[in-house]
Every structure is written in C-alpha cells, then in structure tokens.
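The model shown is predicted, which means the values in this text are computed figures rather than measured ones.
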Amino acid sequence: MSRTHVLIDLDGTISNSLPGIARSLQYAFAECGYEPPTDDAVRSIIGPPFEVSFPILGVPIDEMTPVVAKYRERYNDIGLFENTLYKGIPDMLEALLSEGLSLALATAKPETVARRITVHFDVAQHFVYEAGASPDLNDNRRSKDQVIAYCLSELGIAAGDHVVMLGDRDHDVEGALANGIDCVGVTWGFGSADELLGAGALCIVDRPADVRAAVNA
C-alpha cells in the first residue's frame, strides 16, 4: 500500500520562535558593529537560511561568518528555548498519525538544534525522521529545497507514495515544488496567505485543527 508522508516545517509552523531568534540576532549584530534589526524585520526573514536573510538585514554574505558565530553563541544556549509551541500542534500531530500518515520534520534550522527543540516540546516522538540544515555555511544542505531532498532520500520514499509539505513561508512552497511535491500553507506563522499562494501553495489552512482535512484532500 502507498503511504502519505507529511514533511513539516519547524519555525512558524510548529512553534513561534520569534523571541529567541530576534534577541539572538540583535545581540549578534550589536556585538559585530551592525545596527540590530527590529523584531518586525526579524519576523519578515524567519525561515530561509542566513545566506538569504542576512543581506536583507544589512550584512553582506562575505561578512556574515562572525555574525553567525555570535548569533549561535546566544541562540544555542538561550534563544532556542525562548520559543512557544503553537496552540493545537500536539493535537494536529496526533490527528495526522491517527490517519496512518508518516510524519517527518523538514527545517532549514540546523539539524542538531531542531532536534533539541522537538525534544524540549515533547513532540520528537511523532516524527519518523527529523531533517535539518547543515550548520556549515559552505555545505550543500542549507536551502529548503536541499533539506527536503535530503529528507526524502533518508525516508527512502517508495514508488507510489504520496508526499505533502506543510509550512508557513514561500521558501517552504518553493522547496517542495522544486522536489515535485505539493505544499499546504499555514497562516498562523510568519508568512501570509498571499505569500504562500503566490509561491504556488496547493491550499491554505488557518488553524492546526484544519490540517488533517487538507492533507487528506
């Protein structure tokens, strides 16, 4: 029998990670002599890897390495837990599992950090695999399409299986489409319905309680 695999984003889909990311970026920018970004500016760039977001915030790619190091100095000890699980997420995961679906995490956050977060929120047991980005800025597993490709490879997707991505930003949609799979967009995170639909999301859901029906459809 074929199975439906649901790949699920982390930041903005499972948890609201804005406080920890914003405070850690503001610390790193100040430490490295850059103007710290506002919370709103950080909110607008959460999701894609630093190679995409840092130039938007005013740090050139060729100057980002020390800023990333300072960010991780704070985030890896403090910031990752300045984070809140969205209401209804545990029930959403249980509902998907009750349908016989296979769930995997697919995030552009470094894999080791992502796994600490899912353990912290007691949701790690819902996933058959947790795929994240490489922490090495020069690696070839940094963008969402690369993470999704890696996740699919690790899952060993069988012929006839169905795969759906669940995410809150346009890069989730674009990463899914680049791998030939559909994406269900969620609006409780950091992206808007217009952003998601403009990127090619198959459909939009506004509440975690609506995800099971969207995936089944």
L10 versus S15: any side-chain heavy-atom pair under 4.5 Å? yes

K144 side-chain N/O to A106 backbone N/O, donor-acceptor pair under 3.5 Å: yes

R74 charged N/C atom sitting above F81 aromatic ring, 6.0 Å / 45°: no

Decide yes or no for D39 and Q26: does some side-chain heavy atom of the first lie under 4.5 Å from some side-chain heavy atom of the second? yes

To the nearest 0.5 angstrom, please state how far the NZ atom of K70 sits from the CG atom of L25. 14.0 Å

Does one hydrophobic cluster hold both L7 and L103, with members joined at side-chain heavy-atom distances below 4.5 Å? no

In this structure, would L202 and I181 fall into the same cluster of hydrophobic residues linked by side-chain contacts under 4.5 Å? no

Audit row: F54, V68, side chain to side chain contact (heavy atoms under 4.5 Å, CB included) steps and yes/no: CA-CA 9 Å; F54 270 42; V68 171; 4.0 Å; yes

Would you tell me whether N16 and T84 have side-chain atoms, one donor and one acceptor, within less than 3.5 Å of each other? no

Taking the side chain as C-beta and beyond, is there a heavy-atom pair between I8 and L93 under 4.5 Å? yes

Would you say the side chain of T107 lies within less than 4.5 Å of the side chain of V147, judging by non-hydrogen atoms? no

At their closest point, which heavy atom of E111 faces which heavy atom of Y129, and how far apart are they? OE2-OH, 4.1 Å

Q146 (side chain) donor-acceptor with S143 (main chain) under 3.5 angstrom: yes

Once you round to the nearest 0.5 Å, how far does CG of D77 lie from OG of S24? 9.5 Å

Are the side chain of D9 and the backbone of I14 linked by a donor-acceptor contact shorter than 3.5 Å? no

Closest approach of F29 and E35, non-hydrogen atoms and distance? CD2-O, 3.3 Å

Run F50 and V59 through side chain to side chain contact (heavy atoms under 4.5 Å, CB included) and show every step you take. CA-CA 10 Å; F50 290 140; V59 178; over 6 Å; no

Do P208 and D91 touch side chain to side chain, with heavy atoms closer than 4.5 Å? no

Atom pair NE2/CG of H5 and L101 - distance to nearest 0.5 Å: 9.5 Å

With distance as the sole criterion, is a donor-acceptor pair present between the side chains of R141 and S134 under 3.5 Å? no

Hey, does the side chain of D168 reach the backbone of V186 with a donor-acceptor pair shorter than 3.5 angstrom? no

Check whether N83 reaches the backbone of G79 with its side chain - one donor and one acceptor, N or O, closer than 3.5 Å. no

Nearest heavy-atom approach of I61 to P55 is CG1-CG, 3.7 Å

Within-4.5 Å side-chain heavy-atom neighbours: E94 and H126: yes

Less than 4.0 angstrom from a charged side-chain N to a carboxylate O is my criterion; do R169 and D11 meet it? no

Transitive ILVMFWY side-chain link L137 to Y71, under 4.5 Å: yes

Just how far is it from atom CD of E174 to atom CG of N179, taken to the nearest 0.5 Å? 12.5 Å

For the residue pair T13 and Y86, what are the closest heavy atoms and their distance? O-CD1, 3.7 Å

Would you find a donor on one side and an acceptor on the other, under 3.5 Å apart, between the side chain of E31 and the backbone of Y27? no

Are V164 and L105 connected, step by step, through hydrophobic side chains (Ile, Leu, Val, Met, Phe, Trp, Tyr) whose heavy atoms are closer than 4.5 Å? yes

Is there a donor-acceptor contact under 3.5 Å from the side chain of R72 to the main chain of P135? yes

Using every non-hydrogen atom in the two residues, find where R212 and S98 come nearest and quote the distance to one decimal. NH1-OG, 3.4 Å

Closest contact, heavy atoms only, D210 versus V205: O-CG1, 3.9 Å

Nearest 0.5 Å, what's the CG-OG1 distance between N76 and T112? 7.0 Å

To the closest 0.5 Å, what do you measure between NE2 (H171) and CD (E195)? 8.5 Å

Between D194 and S192, do the side chains contain an N or O donor and an N or O acceptor separated by less than 3.5 Å? no

In terms of hydrophobic clusters joined by side-chain contacts under 4.5 Å, are L166 and F127 together? yes

Is any side-chain heavy atom of Y75 less than 4.5 Å from a side-chain heavy atom of V113? yes

